[in-house]
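Report on one structure; see the data block that follows.
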Amino acid sequence: MDTGTTAFMLCCIIGLTLMIPGLALFYGGMVSVKSSTNMMMMTFGAAALVGVLWVLFGFSMAFGTSHGGFVGSFTEFAGMKDLLESQTTIAGLQVSLFALFQALFAAITVALISGAAADRMKFSAWMVFAGLWAVLVYFPVAHWVFAFNGVVTPDAVGGWIANNLKAIDFAGGTAVHINAGAAALAVAIVLGKSASWGTLRKPHNVPLTLLGAGLLWAGWYAFNGGSALAAGNSAAIVMVTTFVATCAATLAWLAVEKLKDGHVTGVGAAAGAITGLVAITPACGAVTPVGAIILGVIAGAICPFAVGLKSKFGYDDSLDVVGVHGVGGTWGALATGLFATKAVNDGGGDGLFYGNPGQLWIQFVAVAATYVLAIVATIIILKVVDALCGLRVSAEDEVAGLDLSQHSETAYSAGGGYGEFAASAGGLGETTRAAEGKPRVAH
């Protein structure tokens with residue numbers, strides 16, 4: 001076990017963990033004041049549930065010996081047995097630490113989907129969905145993308161995208177962002193439109209959203225850089241490309257806003273930054289800094305228009321998971337097939353612009369396969385959950401806000417509780433729920 005690698009990965013795990021409150025703040029600031037606590041709870045609830053499932057059998061499904069390249073053994077590492085011994089290492093890293101690093105990928109991916117369910121999904125239904133989706137979609141796709149032959153044990157056979165297809169995905173553009181974006185599209189369609197669809201839906205707290213985006217940006221260095229699994233040249237390159245792609249995408253998004261609307265916004269800056277981070281994720285260890293800038297600029301230019309498609313096609317992707325993570329992740333994965341170069345990573349491959357047009361086709365196949373599984377499986381899971389407990393809150397609770405109906409609390413004291421400040425206005429002039437006879441639950 002290498003102590004330097006271990007220390008580096010411990011720092012990356014802390015950075016990744018900060019992405020959980022980062023995502024909660026990012027999403028929580030963008031919704032109505034009446035549902036902001038619920039939005040943040042969806043992130044925390046998903047992270048907690050997926051973390052437990054990962055230890056019980058998720059890590060085994062993702063990194064156990066493969067069944068045909070599609071999913072790992074359900075029982076091989078169940079409960080992370082035999083992985084706590086110090087001699088069990090991956091490139092000098094204790095395997096249990098690698099498992100924790102990957103657990104956070106799983107937790108964040110599931111939490112991302114919640115942005116498409118804002119303001120209208122029961123919290124209980126969300127938790128059931130989150131668990132089923134992690135098991136039936138994320139764990140298998142993580143196996144496809146991350147499980148290389150012998151990654152945990154010398155004789156372990158890995159997933160088909162990593163080993164057979166040989167797509168380039170350094171830090172999970174397909175397994176995380178395309179996967180979540182495709183699932184979000186299915187969620188938005190199956191759930192249907194919220195009561196506020198068609199009205200101007202203003203974020204209740206832009207500073208919270210910017211703070212959340214900043215925490216995500218910081219954590220993304222751990223997300224991408226930690227995927228190098230060592231504090232070396234590869235991690236350094238990854239952090240540079242992650243930084244410049246994010247800067248370029250932010251500038252491009254703001255430029256589009258200025259040209260379209262005549263002004264730039266804080267939400268646009270936050271969305272642009274996340275778009276750049278999403279797009280560079282698969283390519284971060286395979287492109288030059290200049291390639292990363294080009295990739296980021298294009299991502300920041302196309303994703304604002306992709307976000308606008310929800311109005312044209314009539315699906316309520318409340319927090320733009322499809323437009324940012326789905327479209328941004330798709331562009332990033334395909335762009336990897338354009339800009340990848342062995343000059344950055346001699347263990348990787350060249351893209352179209354470096355003499356290997358076949359890599360672009362490989363990237364397309366990986367993207368298409370992820371979309372098909374994620375959309376089809378998500379629709380089936382949602383139908384099952386709807387039959388079990390119902391997906392949507394009542395129309396009354398939706399109008400009043402999910403903080404009260406689902407959690408018996410509000411985000412801010414001025415927003416009221418059961419019988420507290422009932423006539424007060426929430427953020428941006430939104431009226432809170434009228435007083436009710438039931439007492440407020442103590443917290």
Side-chain angles (χ1 to χ4, degrees), residues 2 5 8-9 12 69 90-93 98 105 142 144-151 157-178 220-249 276-299 328-370:
D2 183 89
T5 295
F8 172 71
M9 291 305 295
C12 288
I90 300 173
L93 178 68
F98 171 75
F105 275 56
W144 295 2
V145 175
F146 296 132
F148 292 89
N149 288 340
V151 67
V157 178
W160 72 275
I161 285 180
N163 291 311
N164 304 107
L165 191 62
K166 299 191 183 304
I168 300 173
D169 190 348
F170 191 85
T174 45
V176 177
H177 301 293
I178 294 173
W220 227 287
Y221 293 121
F223 192 101
N224 288 355
S227 296
L229 300 181
N233 184 63
S234 179
I237 292 171
V238 165
M239 290 192 180
V240 170
T241 56
T242 298
F243 174 70
V244 294
T246 306
C247 293
L277 293 163
V278 167
I280 195 61
T281 293
C284 59
V287 300
T288 66
V290 172
I293 291 173
I294 297 170
L295 187 153
V297 166
I298 296 175
T330 299
W331 161 245
L334 296 177
T336 305
L338 300 174
F339 298 108
T341 170
K342 289 184 179 179
V344 173
N345 182 0
D346 57 10
D350 289 324
L352 174 65
F353 296 151
Y354 291 87
N356 181 23
Q359 190 64 47
L360 181 60
W361 170 250
I362 290 172
Q363 300 298 117
F364 173 80
V365 172
V367 168
T370 304

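Closest non-hydrogen pair, Cys12 versus Gly226, comes out as SG-CA, 3.6 Å. The shortest heavy-atom contact between Gly349 and Ala340 is O-CB, 3.5 Å.
Partners of Thr246 under the side-chain hydrogen bond (donor to acceptor under 3.5 Å, both in side chains) rule, at least two apart in sequence or in another chain, do not exist in this structure. Applying the ring-ring contact (aromatic ring centres under 6.0 Å, His included) criterion to Phe353, with sequence neighbours excluded, gives Phe339. Considering only residues two or more places apart in sequence or on other chains, Thr5 meets the side-chain hydrogen bond (donor to acceptor under 3.5 Å, both in side chains) condition with Asp2. For Phe146, the ring-ring contact (aromatic ring centres under 6.0 Å, His included) criterion is met by Phe105, not counting sequence neighbours. Checked against side chain to side chain contact (heavy atoms under 4.5 Å, CB included), Ala235 has the following partners two or more places apart in sequence or in another chain: Phe8, Ala228.
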Would you be so kind as to tabulate the donor-acceptor pairs closer than 3.5 Å made by side chains of residues 361-369, with sequence neighbours excluded?
{"from": "Gln363", "atom 1": "OE1", "to": "Ile168", "atom 2": "N", "distance (Å)": "2.7"}
{"from": "Gln363", "atom 1": "OE1", "to": "Gln359", "atom 2": "NE2", "distance (Å)": "2.9"}
{"from": "Gln363", "atom 1": "NE2", "to": "Ile168", "atom 2": "O", "distance (Å)": "3.0"}
{"from": "Gln363", "atom 1": "NE2", "to": "Ala333", "atom 2": "O", "distance (Å)": "3.0"}

Which donor-acceptor pairs under 3.5 Å do the side chains of residues 280-292 make with protein atoms, sequence neighbours left out?
{"from": "Thr281", "atom 1": "OG1", "to": "Trp220", "atom 2": "NE1", "distance (Å)": "3.0"}
{"from": "Thr281", "atom 1": "OG1", "to": "Leu277", "atom 2": "O", "distance (Å)": "2.7"}
{"from": "Thr288", "atom 1": "OG1", "to": "Gly291", "atom 2": "N", "distance (Å)": "3.0"}

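Pairs passing the side-chain hydrogen bond (donor to acceptor under 3.5 Å, both in side chains) check and including a residue from residues 160-177, sequence neighbours excluded, read Asn149-Asn163, Asp169-Thr174, His177-His325. For residues 223-238, the set of pairs meeting the side-chain hydrogen bond (donor to acceptor under 3.5 Å, both in side chains) definition, not counting sequence neighbours, comprises Asn224-Thr242. Sequence neighbours left out, not one pair with a member in residues 331-343 passes side-chain hydrogen bond (donor to acceptor under 3.5 Å, both in side chains).
Atom-to-atom distance recorded for Asp350:CG and Asn345:CG is 10.5 Å, nearest 0.5 angstrom.
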